[in-house]
Asks: 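Please find one structure pasted underneath; my questions will follow.
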Amino acid sequence: MTNVLKEKIIIPSWELIRQDSTIKKFYLFPWILSIIFLTFLLVYQVIYTYVEIFEKKKEALVLILQFFHSNYIIECAIVWVIFLIIYFLLTPIFEWALIKYIENKSKWEEMSSSDAFWLGLYKFFPLFEYNNIFSEFKFISVLNFYLFSIRFVWIEYISTLSYIFIVVLIFSVIINILFAYSKYFIVIENKKVFESIWLSSKVTILNLKHTIKLYFLMFFLNIRVIFNFLIFLSFPIIMAISIWLITSKIYLAIAISLLSIIFIFFIIILWYLTAVLDILKTSIWFYAYKEWKTKLEQVKEN
C-alpha cells in the first residue's frame, strides 16, 4: 500500500472508527437490518444445501406446501414485505447521513447523528435511485443470482451458465470500480445519479491504480460474508451430529445449550464487525474521493 493510501486514506478512516463511538451507535439500526437481510439469504442457502446433501427434496416440498396452506402465510408475507420496504428505504437514508457525518468530521464541524439522519431523510431519493439501479451489480447479488439459477438448469448447461456468470462478474467488477465515487458526488455535491456516475468514472480513470487497490481491499473486507455462511452452515450440522451421537438427554441438553450460546456469541460478533467494517469502507471511499477529486479539478482547469 502506497504512502498516500496509508497516510491520507486508511489511517484517517481507522482513526475515525477508533475515536468516534457515536458513529457506531448511530449505525446500529441499519447494520441490524443488513444482518437480518443477509441472514435470510444465508438461511435459505443453508436449507437448500441440506436438502441437496441429504436428498430431502420431497420432505422439503411437503413442508413448503404445509406452510403455504397454514394460517401464518399471510402474516409472514406482510411482515416480510414491511421489512423489505423498511430495509430498502432506510438503507439510502443512513448511507447519506453517514457520508455527510464523515464529511463534517473531516472538516472538524460538529454534526449530531439526529441532524445527519433528518438530512438523509430529506435528501435520500437520489441515493435510493442509485442503489436500485446498480444494486444488482454487487458481487453478492451476482453470486446469489448464480446460485439460484443453477438449481433450475440441467447439469449439461451448468458449464455454460458458469461462463455467463464469469462474464457478468467481470462486468460487475468494472462497473463497481468505475462508479466507486458516485455516492459521494451525490451526497456531497448534490449531483444527479447519471452525472455522478460520469464524474466518478473520470476520477477512477485518473486514479485507476489506487482505485483498483482500494476496490480489492473492499473485497477483502467483505470476506466476512464467507464467515457468516460458514457459521450458519456449520452450527446446524454440529447440532445434528450431537443429537445423533449423544444418547444421554442431560448431556445432549448441555451440548445444545453450549452450542446455542456460542452461536449467539458469534452472531453478536458478526453484527458488530459488520457495523465497523461498513463504516470503515464508507470512510475509506470518502477520503479517497476527497483526495483524488483534486486531480479531476486540476484537469478541468487546464
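Residue indices begin at 1 and follow the sequence shown.
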Asks: Does any non-hydrogen side-chain atom of Tyr287 lie less than 4.5 Å from one of Lys8?
Replies: no
Asks: Looking at CD1 of Ile93 and CZ of Phe125, how far apart are the two atoms once the value is rounded to the nearest 0.5 Å?
Replies: 12.5 Å
Asks: Let me confirm one number: the CD1-NE2 distance from Ile212 to His210, rounded to the nearest 0.5 Å.
Replies: 11.0 Å
Asks: Go through the structure and list residues passing side chain to side chain contact (heavy atoms under 4.5 Å, CB included) with Trp14, not counting sequence neighbours.
Replies: Ile17, Arg18, Leu280
Asks: Among pairs that include at least one residue of residues 162-179, which meet salt bridge (charged side-chain N to carboxylate O under 4.0 Å, His left out), considering only residues two or more places apart or in two chains?
Replies: none
Asks: Would you say that Leu217 contacts Ile10 through its side chain, given a criterion of any heavy-atom pair below 4.5 Å between the two side chains?
Replies: yes
Asks: If you group Ile, Leu, Val, Met, Phe, Trp and Tyr by side-chain heavy-atom gaps below 4.5 Å, do Ile11 and Leu214 land in one group?
Replies: no
Asks: Using a 3.5 Å cut-off and no angle test, enumerate the donor-acceptor pairs between side-chain atoms of residues 167-179 and protein atoms at least two apart in sequence or in another chain.
Replies:
residue	atom	partner	partner atom	Å
Ser172	OG	Leu169	O	2.7
Asn176	ND2	Phe137	O	2.8
Asn176	ND2	Ser172	O	2.6

Asks: Is Val142 linked to Tyr163 within one hydrophobic cluster, defined over Ile, Leu, Val, Met, Phe, Trp and Tyr using a side-chain heavy-atom separation of less than 4.5 Å?
Replies: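 No, it is not one cluster - the side chains of Val142 and Tyr163 are not joined through contacts under 4.5 Å.
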Asks: Looking only at heavy atoms, what is the nearest atom pair of Leu127 and Pro92, with distance?
Replies: CD2-O, 3.5 Å
Asks: Going through the checks in order, is the side chain to side chain contact (heavy atoms under 4.5 Å, CB included) test met by Ile9 and Trp292?
Replies: CA-CA 11 Å; Ile9 297 173; Trp292 310 139; 3.6 Å; yes
Asks: Using side-chain heavy atoms (C-beta onward) and a distance below 4.5 Å, is Met218 in contact with Ile284?
Replies: yes
Asks: Is there a donor-acceptor pair closer than 3.5 Å between any side-chain N or O of Tyr130 and the backbone N or O of Lys192?
Replies: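 No; zero donor-acceptor contacts below 3.5 Å.
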Asks: Strictly distance-based, threshold 3.5 Å: is any side-chain N or O of Thr211 a donor or acceptor partner for the main-chain N or O of Asn207?
Replies: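 Indeed, once roles are kept as given, a pair shorter than 3.5 Å links the two residues.
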Asks: Is there side-chain contact between Thr282 and Tyr184, with at least one heavy-atom pair below 4.5 Å?
Replies: yes
Asks: Tyr289 and side chain to side chain contact (heavy atoms under 4.5 Å, CB included): which single residue from Ile188, Ile99, Leu199 fits?
Replies: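 Result for side chain to side chain contact (heavy atoms under 4.5 Å, CB included) with Tyr289: Ile188.
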Asks: For residues 158-183, which residue pairs qualify under salt bridge (charged side-chain N to carboxylate O under 4.0 Å, His left out), counting only residues two or more places apart or in two chains?
Replies: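 Those involving residues 158-183 are Glu95-Lys183.
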Asks: Can you sort out the partners of Thr204 under side chain to side chain donor-acceptor pair (under 3.5 Å), two or more places apart, ordered by chain and number?
Replies: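 In terms of side chain to side chain donor-acceptor pair (under 3.5 Å), with neighbours along the sequence ignored, Thr204 is linked to no residue.
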Asks: What residues, two or more places apart in sequence or in another chain, satisfy side chain to side chain contact (heavy atoms under 4.5 Å, CB included) together with Phe194?
Replies: Ile133, Ile197
Asks: Establish whether Ile261 and Ile254 are linked, either directly or via other cluster members, by ILVMFWY side-chain heavy-atom contacts under 4.5 Å.
Replies: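 Not linked; separate clusters.
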Asks: Any idea which heavy atoms bring Ser196 and Ser182 closest together, and the distance?
Replies: CB-O, 3.5 Å
Asks: Can you find a heavy atom in the side chain of Tyr101 that is under 4.5 Å from one in the side chain of Ile279?
Replies: no
